Structure formats: C-alpha cells, structure tokens
Amino acid sequence: MIDTHSHINFEDYKNNFNGFIKELNENEIKNVIIPGVEPSTFNEIISLCDEYDMLYGAIGIHPSEAKTYNDNVEKEIYNLCNHKKIIAIGEIGLDYYWETETKELQKEVFRKQLQIAQNLQIPVLIHDREAHEDTFEILNEFKLKNVIFHCFSGTPDFAKKCIEKNYYIAIGGVVTFKNAKDLKEVAKITPLDKLLLETDAPYLAPVPYRGKLNSPAYLKYIAQEIANLKNIEIDEVKKQTTLNAKRIFNI
C-alpha cells in the first residue's frame with residue numbers, strides 16, 4: 001500500500017526512525033509521501049527521501065502558513081521540484097476552520113502554488129477545510145495534471161462534483177469513525193480508480209487507535225473499512241489504490 005499523505009518528518013517519529021521504517025515495511029507499506037507545510041520543513045523532507053528509498057515528498061505551503069510565502073519561497077519550491085523524489089506540490093489550499101481572518105491571503109497563495117503545479121505539470125495535494133466551493137472554483141481556473149483532495153471532508157454531492165472533474169479522493173482514518181456518515185457514503189460512491197489511501201499521521205488515527213499517535217502502519221484499517229463499505233475484498237482496495245498512486249505520482 002501507499003500512504004499518499006503522512007507527516008512522518010514531525011518530531012513524533014524521530015526517536016528510532018529506522019525502527020519506525022522497519023515497522024512500516026512489516027505492515028505492507030510500500031511507499032509514503034511526506035507533504036510540505038512551510039519552508040522550514042522542505043530540506044528535512046528532502047533529506048529523509050534521499051536516505052530512505054520508500055519515501056517521497058511534496059513541497060508546498062499549508063494555508064495556515066500562508067504568511068510565510070514570498071518570492072524567495074516560490075523560487076525555492078521551483079528549485080526543489082527538480083529533485084527526483086519530489087513528486088507533487090502540497091499540501092496547499094484553503095482552511096476556513098482555523099484561519100478565518102486570512103481568507104484573501106490564502107486564496108492568493110493557493111493560486112500562486114497552483115500556477116507552479118500547472119507550469120511543471122505535477123500533481124497537487126489539496127487541503128480543503130470548510131472551503132469547498134472556493135477551493136473548487138479556484139481549481140477550475142487552472143489546467144492541472146492531477147488533483148488530490150487530501151483527507152476529503154466534503155459531502156457526497158461535493159465528491160460527485162470532484163469526480164466529474166477527474167479529481168481524486170484521498171480517504172484517511174476518519175472513515176473508520178462511527179459518526180463519519182458522509183465520508184462513509186463518499187467511500188461507497190467513489191469509483192475505486194479515483195480513490196487513494198492516506199493516514200495524515202500523526203493526526204486522525206483510525207479505529208482501533210483513535211486518539212493515539214497515527215502511523216502509516218495503520219493504513220490497513222482504512223483499506224478494510226473501505227472494502228467493507230464497498231462490499232469487496234480488502235486486497236482489491238489495496239491493489240487498485242496502489243496502482244492509482246503509482247500512476248498519479250509516477251512512482
């Protein structure tokens with residue numbers, strides 16, 4: 001399996017990182033994609049990707065860090081995207097839950113990073129929290145190669161709109177929560193060739209680890225829940241989502 005979004009560069013994992021990677025291998029994790037959130041994380045992501053074959057990275061400014069974006073950061077993003085292990089722009093987007101006072105700045109920074117993705121024709125990892133319509137409208141201004149809605153949080157109807165645009169739906173541990181009715185329905189209606197798996201570790205650990213430190217090793221619980229919802233075998237979910245990720249990110 002491929003975890004398409006996991007912050008394993010965070011401090012939570014730095015104690016015995018080699019042992020952590022060994023655990024991932026033992027749990028069928030073939031690759032992990034580490035997203036950028038702000039400039040200070042970029043070189044750390046590059047270093048980890050250089051050291052471990054299974055790791056890939058994305059470079060981008062999270063909407064909560066929009067104020068850190070400037071011309072020098074933009075040049076750095078372009079430069080780092082030349083690295084063979086950097087395979088996407090992300091995570092980028094809009095967050096109207098935590099950042100209500102910076103909407104216009106978020107939109108400006110989002111557009112600038114989407115322009116980079118369009119120019120380079122590489123995938124984008126989208127952060128969209130309570131900003132579905134604005135996110136969708138801005139994405140429609142660009143001609144992008146592959147759009148991935150990370151940690152999808154929209155309604156089934158919004159998922160249908162995204163699928164119609166050929167966007168991809170990435171589902172994480174929330175789908176295992178009993179009260180996640182909308183996301184369970186999204187998992188049911190999204191064609192398997194439009195689904196990706198992710199953990200968003202260290203956040204949002206799936207049941208039976210809800211509330212604890214998350215890990216890509218728990219991806220199997222997400223895959224199993226999707227299989228249950230679609231009434232198919234877990235191996236089918238594992239196989240197709242892995243093929244999807246390989247194709248989208250050219251792994």
Side-chain angles (χ1 to χ4, degrees), residues 1-6 24-25 27-35 54 56 58 87-88 90-91 93 117 122-128 132 135-136 139 144-201 203-209 214-251:
M1 294 177 287
I2 296 177
D3 187 341
T4 61
H5 198 109
S6 191
L24 302 191
N25 284 317
N27 282 275
E28 302 181 84
I29 305 303
K30 182 176 178 63
N31 299 107
V32 178
I33 299 173
I34 310 171
M54 73 180 301
Y56 289 85
I87 56 177
E91 65 183 282
I122 59 176
V124 287
L125 301 173
I126 302 299
H127 176 105
D128 162 32
H132 308 315
T135 301
F136 193 81
L139 284 169
L144 300 160
K145 186 175 182 181
N146 285 304
V147 173
I148 299 94
F149 271 80
H150 138 68
C151 201
F152 189 85
S153 61
T155 63
D157 284 342
F158 185 64
K160 289 175 184 176
K161 285 180 62 174
C162 293
I163 293 161
E164 286 173 4
K165 290 291 293 184
N166 210 30
Y167 298 158
Y168 292 87
I169 306 295
I171 291 181
V174 174
V175 76
T176 67
F177 300 174
K178 285 184 179 180
N179 62 345
K181 293 180 180 179
D182 272 358
L183 189 57
K184 290 180 188 294
E185 185 62 26
V186 168
K188 287 181 184 178
I189 67 173
T190 302
L192 203 52
D193 66 354
K194 291 298 176 189
L195 276 176
L196 293 168
L197 302 179
E198 66 159 89
T199 59
D200 199 22
Y203 314 111
L204 302 173
V207 175
Y209 296 99
N214 202 357
S215 167
Y218 302 156
L219 208 61
K220 58 190 175 185
Y221 298 103
I222 299 164
Q224 184 64 67
E225 180 66 16
I226 292 171
N228 293 345
L229 291 164
K230 286 185 167 296
N231 196 27
I232 59 177
E233 295 295 326
I234 187 174
D235 285 348
E236 191 174 348
V237 175
K238 290 177 180 179
K239 180 180 178 181
Q240 188 59 55
T241 56
T242 299
L243 288 173
N244 295 345
K246 284 183 173 181
R247 181 183 69 251
I248 293 164
F249 298 108
N250 196 27
I251 296 175

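If you read the sequence from its start, that first residue is 1, and numbering goes on from there. In this text the structure is predicted, and so the values were computed from the model without any measurement.
Under a 3.5 Å cut-off, the side chain of D128 and the backbone N or O of T135 do not form any donor-acceptor pair. N244 places no side-chain N or O within 3.5 Å of a backbone atom of L196 that could act as its donor or acceptor partner. Proximity of a side-chain donor or acceptor of N31 to a complementary backbone N or O of I2 within less than 3.5 Å is not detected.
Taking each heavy atom of N146 and Y168 in turn, the nearest pair found is OD1-CE1, 3.5 Å. Taking both residues in full, the closest heavy atoms of L204 and C151 are given as CD1-SG, 3.6 Å, listed atom of the first, atom of the second, then distance. Taking each heavy atom of L197 and M1 in turn, the nearest pair found is CD1-SD, 4.1 Å. Contact between V32 and S6 at its shortest, heavy atoms only, is CG1-CB, 3.6 Å.
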Could you go through I226 and T241, starting from their C-alpha distance and side-chain angles, then the distance that decides it, and tell me whether this counts as side chain to side chain contact (heavy atoms under 4.5 Å, CB included)? CA-CA 11 Å; I226 292 171; T241 56; over 6 Å; no
I'd like to know whether I171 forms a side chain to side chain contact (heavy atoms under 4.5 Å, CB included) with T190, so could you lay out the CA-CA distance, the side-chain angles of the two residues, the decisive distance to 0.1 Å, and finally the verdict. CA-CA 10 Å; I171 291 181; T190 302; 5.6 Å; no
Step by step, work out the side chain to side chain contact (heavy atoms under 4.5 Å, CB included) result for L195 and K230. CA-CA 12 Å; L195 276 176; K230 286 185 167 296; 3.6 Å; yes
Chi angles and distances behind the side chain to side chain contact (heavy atoms under 4.5 Å, CB included) call for I87, N250: CA-CA 8 Å; I87 56 177; N250 196 27; over 6 Å; no
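Just one of I33, I126, L125, I169 meets the side-chain contact (heavy atoms from CB on, under 4.5 Å) condition when paired with I148; it is L125.
Salt-bridge annotation for E28 and K238: present, with a side-chain N of the basic residue lying under 4.0 Å from a carboxylate O of the acidic one.
Within a 6.0 Å sphere centred on NZ of K194, other residues, nucleotides and ligands contribute more than 12 heavy atoms. Around CG of N231, the count of heavy atoms belonging to other residues, nucleotides or ligands within 6.0 Å does not exceed 12.
Relative ring orientation between H127 and H150 is described as tilted, the plane-to-plane angle lying within the 30° to 60° band. Ring-plane geometry between F149 and F158 is classed as perpendicular, the angle between the planes exceeding 60 degrees on a 0 to 90 degree scale with a lower cut at 30.
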